[in-house]
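Along the sequence shown, residues are numbered consecutively beginning with 1. Counting convention: from 1, in listed order, for ligands and their atoms alike.
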Amino acid sequence: MPEIREYNGKPLSYVTGGEEEELGCKLFKKYELGKLLGYGAFAKVYHARDLRTGESVAIKVMSKQRILKKNLTAHIKREISILRQLRHPHIVRLHEVMATKTKIYFVLEFAKGGELFGKIAKGRFSENLSRKYFQQLISAVEYCHSRGVFHRDLKPENLLLDDDWELKITDFGLSAVSEQIQPDGLLHTLCGTPAYVAPEILAKKGYDGAKVDIWSCGIILYVLNAGYLPFNDPNLMVMYRKICKGQFRCPKWTSPELKRFLTRILDPNPNTRITIQEMINDPWFRNGYEEIKYPTDNEFEFKNSSEG
Ligand code: ADE
């Protein structure tokens, strides 16, 4: 992996407020830091080793200064409380949260296979493999929605693979819990990633968190099967217009059943867009779905920890 020194043309130190972590350094005498796995505007993610157990973990490092500057304190607190509640085989677990004067560290389950996006960049998936990952995604999304948790930034970069090539959703930094819903029952923050954003978010009219996640899942399914985006244009306004019209073409290898299913998901009208329950009953989707282990709360041990 080449050494990463820049982000958006700025020195990487800008991303985490000036201090760089060093390879091999010991964090809190508990974790030995390994290589940089990825980075974004507010965080860097490293591989690390738990010194007690020898197990691999991923450590997400965020600068407190940048969080405060961007008024993200509430977002981070929400991310912590959301991640702590979620226990599902297709969602990255949050093991612990640590902090220094300047930084916050999330110790996460390590997904050895890296980004699903990295695999897509190498081509496209067969219809069967697309279905398998889509079913795992929907199983996790249904689990979250039933707890009033909406991701709102579902895209291939937030989908990782573990060592068994099973899907794991990560990065709930933008997600909203149902308490944030306004009296009209809709969410109002403009967020998400342009190509994966639902038309009703672009229309800035307020939206239903479940419906926008379903839309993003539709874009992901299209990308898995096609290897490229359904709505795309170098000009952002043209891309937005295509999204709002909901007009897309499937590649020639897409089966009629999948084409029909995609049309039901990528319906620009959120009121007529397919629901998760309808998805689960769709003949294209259903194939082999019962084999996916869907956990119930009492299958897990819920304990309150004092970390963070
Ligand atoms: N990149 C971002 N988060 C990760 C994780 N939990 N495991 C592996 N790679 C990652």
Side-chain angles (χ1 to χ4, degrees), residues 1-8 12 15-16 20-21 23-25 27-28 30-51 53-63 66-67 72 75-76 78-99 103-122 133 136-137 139-141 143-144 149 151-175 192-193 196 216 220 223 307-308:
M1 186 178 177
E3 199 184 4
I4 301 165
R5 290 267 132 231
E6 283 197 343
Y7 175 74
N8 274 356
L12 195 57
V15 174
T16 44
E20 291 289 302
E21 296 75 24
L23 192 81
C25 80
L27 285 179
F28 304 90
K30 279 166 109 178
Y31 301 99
E32 184 179 47
L33 220 60
K35 70 172 187 179
L36 185 62
L37 297 171
Y39 59 98
F42 303 105
K44 288 195 287 187
V45 183
Y46 292 92
H47 174 259
R49 200 168 56 87
D50 184 327
L51 291 166
T53 63
E55 270 177 39
S56 282
V57 291
I59 299 191
K60 183 172 173 177
V61 187
M62 280 162 290
S63 149
R66 284 189 51 78
I67 290 163
L72 286 172
H75 275 260
I76 300 298
R78 203 170 59 230
E79 182 170 16
I80 293 170
S81 85
I82 291 172
L83 273 170
R84 281 211 167 128
Q85 286 168 39
L86 302 176
R87 313 233 166 153
H88 186 280
H90 298 300
I91 296 175
V92 163
R93 279 297 317 277
L94 172 64
H95 294 313
E96 77 177 304
V97 180
M98 302 179 299
K103 287 178 184 175
I104 300 176
Y105 301 85
F106 282 9
V107 182
L108 299 159
E109 176 183 1
F110 178 59
K112 195 177 166 190
E115 287 181 13
L116 180 68
F117 186 74
K119 311 294 181 278
I120 291 175
K122 292 187 183 99
Y133 286 128
Q136 294 184 353
L137 172 66
S139 154
V141 170
Y143 169 86
C144 292
V149 177
H151 192 291
R152 300 195 302 168
D153 195 26
L154 286 166
K155 56 186 171 182
E157 295 93 311
N158 286 335
L159 306 179
L160 304 174
L161 296 176
D162 67 11
D163 38 359
D164 293 324
W165 288 69
E166 299 282 299
L167 188 89
K168 298 269 178 189
I169 306 184
T170 191
D171 222 338
F172 281 81
L174 285 171
S175 64
T193 305
Y196 293 82
S216 311
I220 289 166
V223 176
E307 297 147 4

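- By the 4.5 Å heavy-atom criterion applied to side chains, Y133 and I220 are not counted as neighbours.
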List of N/O pairs, ligand 1 versus protein, all under 3.5 Å?
| unit_1 | atom_1 | unit_2 | atom_2 | d |
| --- | --- | --- | --- | --- |
| ligand 1 | 6 (N) | E109 | O | 2.9 |
| ligand 1 | 7 (N) | A111 | N | 2.9 |

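- With contacts defined as side-chain heavy-atom distances shorter than 4.5 Å, the pair H151/N158 qualifies.
- There is no side-chain donor-acceptor pair under 3.5 Å between Y105 and K103.
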Exercise for the section: Step by step, work out the side-chain contact (heavy atoms from CB on, under 4.5 Å) result for S56 and H47. Expected result: CA-CA 7 Å; S56 282; H47 174 259; 2.8 Å; yes
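- Residues that satisfy the side chain to side chain contact (heavy atoms under 4.5 Å, CB included) test with V45, not counting sequence neighbours, are L37, A58, K60.
- Counting only heavy atoms from C-beta outward, the side chains of C144 and I91 approach each other to under 4.5 Å.
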